[in-house]
There are 2 protein chains.
Amino acid sequence: MHMQVPEALNSIDRIIVDAILAGRITAGTRLGEQSLATLFAVSRTIAREALIRLEARGIVQVSPRRGWFVIKPSFEEAQEAFQARQAIEMGILMAVQHPGPEVVGKLRAHIIRERAAIASGDLEARSFLLGDFHVCLVEALGNRVLADILRDLTARTVLISALYQSNHDATVSCDEHEVITDALAVGDLKRAADLMVSHIGNVEAGLTRAKDDDPLTNLRHALKLSSRQE
Amino acid sequence: MHMQVPEALNSIDRIIVDAILAGRITAGTRLGEQSLATLFAVSRTIAREALIRLEARGIVQVSPRRGWFVIKPSFEEAQEAFQARQAIEMGILMAVQHPGPEVVGKLRAHIIRERAAIASGDLEARSFLLGDFHVCLVEALGNRVLADILRDLTARTVLISALYQSNHDATVSCDEHEVITDALAVGDLKRAADLMVSHIGNVEAGLTRAKDDDPLTNLRHALKLSSRQE
DNA sequence: TGCATCAGGCTTCCATACAAGACTGGCTAG
DNA sequence: CTAGCCAGTCTTGTATGGAAGCCTGATGCA
């Protein structure tokens, strides 16, 4: 056993989630215990524990004795995830009292990074930052509990967007982030909440029901089978 | 190895969470790997995996090489948990369109069980049902994602209530559940959301900052030390 | 008495071995 | 040629042993 510091240990989780947020890992990807163990230079035990944690967070699923896979949400689950985000983000915006200038400052800085990623064509950074905006917002508002919840939920919706081919334009998303921040800056929480709901609704509306990476979609639909199995 | 069916396997998690919701397990309780393994007639591996899942859900914490303990939230974390519940439950109530009569029916049935538990003096059932109302509400509204999130959050707030000696009366809580249900029944979502926010606020307001199972509270406060360490 | 040291026991931590189900591909019988 | 079987391989599932850190209490010394 060589002395290479694992570099990972408890952060295997984080690296995987970050990869999902960046779109480098998509729904249905296999995450084998042995593969991860080799990759991170740890034993299978550690890799398995990371997968168990991710399973508890609703990011991966295990198919008994077949393997671990990144979740592949059904259209209904996708809708629930978006609804959950709408509810949470609207709720926090309506509940908070005073945004504070440093919150607005952080968000503006974030939006600048979003624009930079979009301009430079860095798709991974773009995906990550567009999702992370919402996490940052909630975190900046002072609630780490909700921020953690939202991070996992965001990972799910990123997976969904790739699965159902969201065609919502990144620039539009970024613009919407900006007007939300503007509303926060002038203390109009109600307006910020409304804008947030419609923003998330817009992203959701950009989804198309057909996922054409599944060659059986047409047949399945014709036979009226649900896509329940892996 | 005897043939006793484990009875537990993946449900060790559920049994522990249920015990927390019922108030049979309180904040700071030690949950040893070996103890759980013996109790559920499984190996340490299984018990450990259950604890890892619960850790990912924010229910327990591990102190390295010392042991696993049910979380003991600080007052600030407690506030965040209550704020999170307010945001989520208000958000879902404002987002839903039409409650539907079967939803109201389920909630009314739940409230009847609450009253029965209160009347019979069954403290465990009372604690469980009062918390479970909120989970049932969200689940009945059709969002399992949020329901799962809320269950864990409810477990946290139950722990908090015991830790900070909530003196909010069970009967009052139950009454509040009823008026919320009434508002839902007539389709007044706005009113239901407002009632929910104030209901959770009432429970939170019932907390007292002093946790007197900690004999150092007074000294700590006098020295202006945070209660950060375990 | 007061204090430092250290051994022993207790806990989690982690690697590993083996069990057992799931899938694949080839072989064989008809 | 096809259908069924079956061995081989790959995967996760589970138990277990030993490593290593933490805590306690005893012991010895000043």
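Keep in mind that what you see is a predicted model, and the values were worked out from it rather than measured. Chain identifiers are assigned alphabetically (A, B, ...) following the order of the sequence lines, protein sequences preceding nucleic acid strands; residue numbering begins at 1 within each chain.
- The distance from atom CG of L36(B) to atom C1' of dT14(D) is 17 Å, rounded to the nearest whole Å.
- In this structure, CG in D13(A) is found 10.5 Å from CG in D18(A), a value given to the nearest 0.5 Å.
- Of all nucleotides listed (dT12(C), dT12(D), dA15(D)), dT12(D) comes nearest to the side chain of R44(A).
- With sequence neighbours excluded, no residue satisfies side-chain contact (heavy atoms from CB on, under 4.5 Å) with A95(B).
- For R48(A) and dC13(C), the CZ to C1' distance is 16 Å, given to the nearest whole Å.
- In this entry the distance linking CD1 of I52(A) with P of dC14(C) reads 14 Å, nearest Å.
- Closest to the S43(A) side chain, of the nucleotides dA15(C), dT16(D), dG13(D), is dA15(C).
- Protein atom CG of L51(B) is 8 Å distant from nucleotide atom P of dT12(C), rounded to whole Å.
- When distances run from any side-chain atom of V62(B) to the nucleotides dA15(D), dT12(C), dT14(D), the shortest one goes to dT12(C).
- Ring-plane geometry between H134(B) and H199(B) is classed as parallel, the angle between the planes falling under 30 degrees on a 0 to 90 degree scale with a further cut at 60.
- Between F133(B) and H177(B), the ring-plane angle classifies as parallel under the 30° and 60° cut-offs.
- One can place CZ of F40(B) at 15 Å from P of dT14(D), the figure rounded to the nearest angstrom.
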Footprint string (nucleotides 6-11 of chain C, 5' to 3'): B base within contact, S backbone only, - free, heavy atoms under 4.0 Å: -----B
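- A side-chain donor-acceptor contact under 3.5 Å links S74(A) to the backbone of E77(A).
- Remark: E80(B) pairs with R144(A) by the salt bridge (charged side-chain N to carboxylate O under 4.0 Å, His left out) rule, at least two apart or across chains.
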